[in-house]
2 protein chains.
Amino acid sequence: MERNKEKGKFEQQQDQELPLGSVGFMMGVTYRKLTALLQQRLKDYEITPEQWSVLYTIVRSQGLIQKEIADRTHKDKPATTRILDHLESKGLIFKEVGKQDRRSFLVYCTDKGRKVIEATIPIEAGMTDVVKAVLSENELVHLMDMLMRIQAHASEMLEQESRE
Amino acid sequence: MERNKEKGKFEQQQDQELPLGSVGFMMGVTYRKLTALLQQRLKDYEITPEQWSVLYTIVRSQGLIQKEIADRTHKDKPATTRILDHLESKGLIFKEVGKQDRRSFLVYCTDKGRKVIEATIPIEAGMTDVVKAVLSENELVHLMDMLMRIQAHASEMLEQESRE
DNA sequence: AATATATAATTGTTTATGCAACTATATGAT
DNA sequence: ATCATATAGTTGCATAAACAATTATATATT
């Protein structure tokens, strides 16, 4: 009887402490927290974290086609189109129709776009510092390795399972 | 000259292999891949992963107020309101006005809601198996621990920095 | 050459997040 | 008791992801 009561109390407590213990949800929560912090820090530059990642990719490699940008940033084509729209309307990038392949556009950053990235690279780097404040160098490396393994395997599974 | 050429080739390759190495972005990509897989597997039940997490919380603890659900699922109040709207329109939950506090609603699941969760718990558990296919038991524990540390620290930083 | 098929990009729809503004009810201080 | 403040919930707006369908151009097949 007493043990039952105790167990009841324990379970009730667990209920409050561990509402959703699965990896996927934890990862989502952590990602959103990190992103919100980065967004906060990028506020003065009027660019979102996802826009930053796309613009960064463009600054590093001028003249990519959208499909290639989509692959490198792990976005699908519609998402890429729309983020590029935002970047274009802010005057940070421009497009040019492909000469050989007229289906595609070559994407370039403007001077303004390059300057935004140059100015914000330290901010993005600061996010790694935030993580390193609670993780050792080894742990960070291990974390990245695990994330890559999970990501690769989940992609594989998804492709497999959606193919029928 | 030759060395320069080689280096150019190497950098170009790096360019393709490591487009965005930062933790935050990697975590977002991994989260989305896991979520997409879960969504695929939940397809027959007409419920999304985020809806699942909210419904699961309700099934485990009947009569929570929305604020409490928001806290446990790490969502803000608007997001919670809208997800509850979806669950309600599918007949999986219902609300009841609070007796003591008439600002709040007590949320309960319907029979249908409970059955959906009971039927899909194995599917959600299957996501852990997907992760365990590429991570040892120890690594998974370590990963969860690191995620919690990062999440807590990022929350702290965000609160600190948004407070001025 | 004509036709089928693949690919690049766009548009529309649904779901979800984050932020700000708002309503209604509770609580605290004078 | 009144007035200020806090809290629960909702609504509106911007951004983004996932999926399906569409358009336009390339490539492959016969």
Side-chain angles (χ1 to χ4, degrees), chain A residues 25 28-40 42-43 46-54 64-71 73-90 95-107 154-155 158-159 162, chain B residues 25 28-43 46-55 64-71 73-90 95-107 154-155 158-159 162:
Chain A
F25 289 110
V29 171
T30 311
Y31 160 69
R32 282 190 288 271
K33 286 277 153 58
L34 281 173
T35 290
L37 180 57
L38 179 53
Q39 187 142 31
Q40 171 74 24
L42 286 174
K43 205 172 39 183
E46 290 181 318
I47 190 171
T48 68
E50 296 302 341
Q51 287 168 18
W52 192 94
S53 72
V54 170
L64 294 175
I65 66 170
Q66 297 190 195
K67 181 57 172 36
E68 184 62 26
I69 296 171
D71 288 344
T73 57
H74 299 272
K75 297 181 189 313
D76 67 0
K77 287 186 292 177
T80 307
T81 293
R82 277 150 184 155
I83 291 180
L84 290 175
D85 283 349
H86 289 138
L87 293 173
E88 193 172 25
S89 71
K90 289 174 190 167
K95 300 175 178 184
E96 203 174 77
V97 280
K99 284 133 199 172
Q100 316 132 292
D101 189 337
R102 288 190 323 189
R103 289 172 303 182
S104 56
F105 293 93
L106 308 183
V107 182
S155 298
L158 181 61
E159 203 183 328
S162 63
Chain B
F25 288 110
V29 171
T30 310
Y31 160 68
R32 283 191 288 270
K33 287 276 153 59
L34 281 174
T35 289
L37 180 57
L38 178 54
Q39 187 141 32
Q40 171 75 22
R41 291 181 174 186
L42 286 174
K43 202 173 41 181
E46 289 183 319
I47 190 171
T48 68
E50 296 302 342
Q51 287 169 16
W52 193 94
S53 73
V54 171
L55 183 55
L64 294 175
I65 66 170
Q66 298 190 196
K67 180 60 171 35
E68 184 62 26
I69 295 170
D71 288 344
T73 57
H74 298 274
K75 298 182 186 313
D76 66 2
K77 286 186 292 175
T80 307
T81 292
R82 278 151 185 157
I83 290 180
L84 290 176
D85 283 349
H86 289 139
L87 293 174
E88 194 172 24
S89 71
K90 288 175 191 167
K95 300 175 177 185
E96 203 175 77
V97 279
K99 284 134 199 171
Q100 315 131 295
D101 190 336
R102 289 190 322 189
R103 287 171 305 182
S104 56
F105 294 94
L106 309 183
V107 183
S155 298
L158 181 61
E159 204 183 327
S162 62

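In what follows, every chain begins at residue 1, and chains take the letters A, B, ... in the order their sequences are listed.
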Spacing between E96(B) atom CD and dG9(D) atom P, to the nearest angstrom:
14 Å

May I have the distance from E46(A) (atom CD) to dA14(D) (atom P), rounded to whole angstrom?
14 Å

Measuring from L106(B):CG to D101(B):CG, what's the distance to the nearest 0.5 Å?
9.5 Å

Rounding to an integer number of Å, can you tell me how far E50(B) CD sits from dA17(D) P?
14 Å

Would you compute the distance between atom CD of E68(A) and atom CD1 of I65(A) and round it to the nearest 0.5 angstrom?
7.0 Å

Can you name the side chain to side chain donor-acceptor pair (under 3.5 Å) partners of R102(A), sequence neighbours left out?
none

Specify the residue among K90(B) and L84(A) whose closest nucleotide of DNA chain C lies further upstream toward the 5′ end.
L84(A)

Using salt bridge (charged side-chain N to carboxylate O under 4.0 Å, His left out) as the criterion, list what pairs up with K90(B), not counting sequence neighbours.
none

How long is the span from the OG atom in S104(A) to the CG atom in L64(A), to the nearest 0.5 Å?
11.5 Å

For residues 28-36 of chain B, please give each side-chain donor-acceptor pair under 3.5 Å, one per line with the distance, not counting sequence neighbours.
residue: T30(B); atom: OG1; partner: M26(B); partner atom: O; Å: 2.7
residue: Y31(B); atom: OH; partner: R32(A); partner atom: NH1; Å: 3.3
residue: Y31(B); atom: OH; partner: E50(B); partner atom: OE2; Å: 2.7
residue: R32(B); atom: NH1; partner: Y31(A); partner atom: OH; Å: 3.3
residue: T35(B); atom: OG1; partner: Y31(B); partner atom: O; Å: 3.0

What is the nucleic acid contact for K77(B), judged by heavy atoms within less than 4.0 Å: base, sugar-phosphate only, or nothing?
base

Separation of dG9(D) atom C1' from I69(B) atom CD1, nearest Å, is 12 Å

Does OP1 or OP2 of dT10(D) have a side-chain N or O of K95(B) closer than 4.0 Å?
yes

Counting the atoms with a prime plus P, OP1 and OP2 as sugar-phosphate, which does S104(B) contact under 4.0 Å by heavy atoms, base, sugar-phosphate, or nothing?
sugar-phosphate

Which nucleotides of nucleotides 18-24 of chain D have their base under 4.0 Å from a protein heavy atom (B), which only their sugar-phosphate (S), and which neither (-), written as one string 5' to 3'?
BBB---B

From the 5' end of DNA chain C to its 3' end, which nucleotides mark the outer limits of contact with chain A, defined by a 4.0 Å heavy-atom distance cut-off (strictly under)?
dA6(C) to dG18(C)

Identify the two heavy atoms, one from A154(B) and one from L37(A), that lie closest to each other, and give their separation to 0.1 Å.
O-CD2, 4.3 Å

Rounded to the Å, how far apart are I83(A) CD1 and dA14(D) C1'?
13 Å

Sequence neighbours excluded and cut-off under 3.5 Å, please list the side-chain donor-acceptor pairs for residues 79-88 of chain A, or say none.
residue: T80(A); atom: OG1; partner: D76(A); partner atom: O; Å: 2.8
residue: T81(A); atom: OG1; partner: K77(A); partner atom: O; Å: 3.2
residue: H86(A); atom: ND1; partner: R82(A); partner atom: O; Å: 3.4

Phosphate-side-chain proximity, Q100(A) and dT25(D), N/O vs OP1/OP2 below 4.0 Å:
no

In this structure, CD of Q66(B) is separated from NZ of K75(B) (nearest 0.5 Å) by 14.0 Å

